[in-house]
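So the structure is just underneath, and the comments pick up after that.
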Amino acid sequence: MELLSISRVSQMFHISTRTLRYYEQIGLITPQKKENFAYRTYDEEAIVRLQQIIVLRKLRVPLKQIEEILRSGSAKTTFEILKKKLSEIEDELNALSTIRTIINAFIHKLHLNTANFTLQDDESLLELVDDRMVSKRFKEEKTMSELNQASKKLDKLTDRDVRIVYLPPATVAAYQYVGEDPEMHCHQVMDKFVVDTGLYKTKPDIRHYGFNAPNPVDESGYHGYEVWVTIPDDMEVPSPIVKKRFEGGLYAAHMIPFGAFEEWGLLCEWVQNSSKYQSNSGNKGSECMWGLLEEHLNYINHVCLENTEPEDLQLDLLHPIKEIHV
């Protein structure tokens, strides 16, 4: 099997290059370096490993437990982790089954045109439940196609998962880097600036944003990233950091744990399907990821840590929007 580029693998598995690089960072996959090529490539072993990761993610297995499965290579470890996941899912199914049973009973009562039918307390709720309506357990072989369909149905955001926030205009210190591990490099440079200037002390409301930056003109294959931190309007910044003006505005926000970058697609889909909001990224180009931002939450408490990407790091995915006026 020929070595595949990171962009080719991204297209094959419908997974972002950012996610692939994160999987590499935490040791789940190991890319190869092809002679005369600057960017990552993947051999057959890495592809097989990635397929295993993708299937386990669709089964809702957390990345930490996937790492444990792959590192162990033990059927016993896999069995124990999947058994625990199955127990969690069965608890969720039981809860949903109870709700479904009561809703069905409620609909049945309404269908009979029951006069003045109300649910006033637990006792009246229990009266709705008919033993004949309790769902039965059954076994059915699931194909990969069905798994993909199930995963797709579950992988969507509801209005409860998305916040509508206004980001105020601000002056920002900006730093962009194109090369190996650009996110880590950008964070290290910006964190040093924040610590050296004491900005985290003098500006406790500091905000930290980041976004993918375009590749250089020579198409070297390296990925780029840019980081912003908000600063006082009159503050001077040292080169290669530059000052910029962030226009702010209305955004759809969705919080993720670090590494769950595939949820960018879910947020974009939510905006696309919203009846109240529409995307406001049309006037923004690829040089700023069409206005889509990642905000480092709780940045003020993490900036002095040696590890700029701790396990408990949370990000807000931010999509610029505007209201739909009918």
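- Follow the hydrophobic side-chain contacts under 4.5 Å out from L293 and you reach V165 in the same cluster.
- In plain terms, the two heavy atoms of P169 and R245 that are nearest each other are CB-NH2, 3.8 Å.
- To the nearest 0.5 Å, atoms NZ (K276) and CD (E323) are separated by 5.5 Å.
- Going from atom CD1 of I26 over to atom CG of L63 covers 5.0 Å, rounded to the nearest 0.5 Å.
- Looking only at side-chain heavy atoms (C-beta outward), F211 and L292 stay at 4.5 Å or farther from each other.
- Using a 4.5 Å heavy-atom cutoff, the side chains of T171 and M235 are not in contact.
- Looking only at atom types and distance, the side chain of E294 has a donor-acceptor partner in the side chain of Y225 under 3.5 Å away.
- Transitive grouping of hydrophobic side chains (ILVMFWY, heavy atoms separated by less than 4.5 Å) keeps M255 and L167 in distinct clusters.
- From L3, atom CG reaches atom CD of E44 across 11.0 Å, with rounding to the nearest 0.5 Å.
- Using a 4.5 Å heavy-atom cutoff, the side chains of R71 and E68 are in contact.
- Within the 4.5 Å cutoff, no side-chain heavy atoms of Y251 are placed close to those of N280.
- Counting heavy atoms from C-beta outward, Y299 and D191 have side chains that approach closer than 4.5 Å.
- With hydrophobic clusters built from ILVMFWY side chains whose heavy atoms lie under 4.5 angstrom apart, L318 shares a cluster with I164.
- Taking the six-membered ring for Trp and the full ring otherwise, Y209 and F246 have centroids separated by under 6.0 Å.
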If you apply the rule side-chain contact (heavy atoms from CB on, under 4.5 Å), what do you find for Q272 with S279, and how did you get there?
CA-CA 7 Å; Q272 182 180 358; S279 175; over 6 Å; no
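- One finds no salt bridge joining E88 and R60 here, because no Lys/Arg side-chain nitrogen approaches an Asp/Glu carboxylate oxygen to under 4.0 Å.
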side-chain contact (heavy atoms from CB on, under 4.5 Å) between T158 and W270, worked out
CA-CA 8 Å; T158 68; W270 182 91; over 6 Å; no
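- Atom OG of S16 sits about 9.0 Å away from atom CD1 of I6, to the nearest 0.5 Å.
- Applying the side-chain hydrogen bond (donor to acceptor under 3.5 Å, both in side chains) test between D316 and each of H296, H254, R163 identifies R163 as the sole match.
- The hydrophobic clustering, which links ILVMFWY residues whose side-chain heavy atoms are closer than 4.5 Å, places Y200 and V189 together.
- Below 30°, between 30° and 60°, or above 60°: for Y175 and H185 the angle between ring planes is between 30° and 60°, a tilted geometry.
- Using the six-membered ring where Trp is involved, F258 and Y22 have ring planes that are perpendicular, over 60° apart on the 30 and 60° scheme.
- Y42 has its side chain out of reach of L50: every pair of non-hydrogen atoms, C-beta onward, lies at least 4.5 Å apart.
- Side chain of T230 to backbone of V172: no donor-acceptor contact under 3.5 angstrom is found.
- Remark: I300 CD1 to L199 CG distance equals 7.5 Å, nearest 0.5 Å.
- L317 approaches L267 most closely through the heavy-atom pair O-CD2, 3.5 Å.
- Note that CG of L315 is 5.5 Å distant from CZ of F261, once rounded to the nearest 0.5 Å.
- In terms of heavy-atom proximity, H302 sits nearest to L297 at CD2-O, 4.1 Å.
- For CZ of R8, the number of neighbouring non-hydrogen atoms (other residues, nucleotides, ligands) closer than 6.0 Å is 12 at most.
- A salt bridge between D233 and K243 is absent, with no side-chain N of the basic residue lying under 4.0 Å from a carboxylate O of the acidic one.
- Taking each heavy atom of I29 and A46 in turn, the nearest pair found is CG2-O, 4.3 Å.
- Salt-bridge check for E295 with R207: passed, with a basic side-chain N closer than 4.0 Å to an acidic carboxylate O.
- The shortest non-hydrogen separation linking I324 to S275 is CD1-O, 3.8 Å.
- At least one side-chain heavy atom of K84 sits less than 4.5 Å from a side-chain heavy atom of Q65.
- Residues R57 and P62 come closest through the heavy atom pair NH1-CA, 3.9 Å.
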CA sep, side-chain torsions, deciding dist, call: K192, Q188, side-chain contact (heavy atoms from CB on, under 4.5 Å):
CA-CA 6 Å; K192 186 176 186 302; Q188 290 174 344; over 6 Å; no
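- At least one side-chain heavy atom of L70 sits less than 4.5 Å from a side-chain heavy atom of R49.
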May I have the step-by-step check of ring-ring contact (aromatic ring centres under 6.0 Å, His included) for H208 and H187, ending in yes or no?
CA-CA 10 Å; H208 180 289; H187 292 322; 5.2 Å; yes
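- In this structure, V61 is not a member of the same hydrophobic cluster as V48, with clusters built from ILVMFWY side-chain heavy atoms closer than 4.5 Å.
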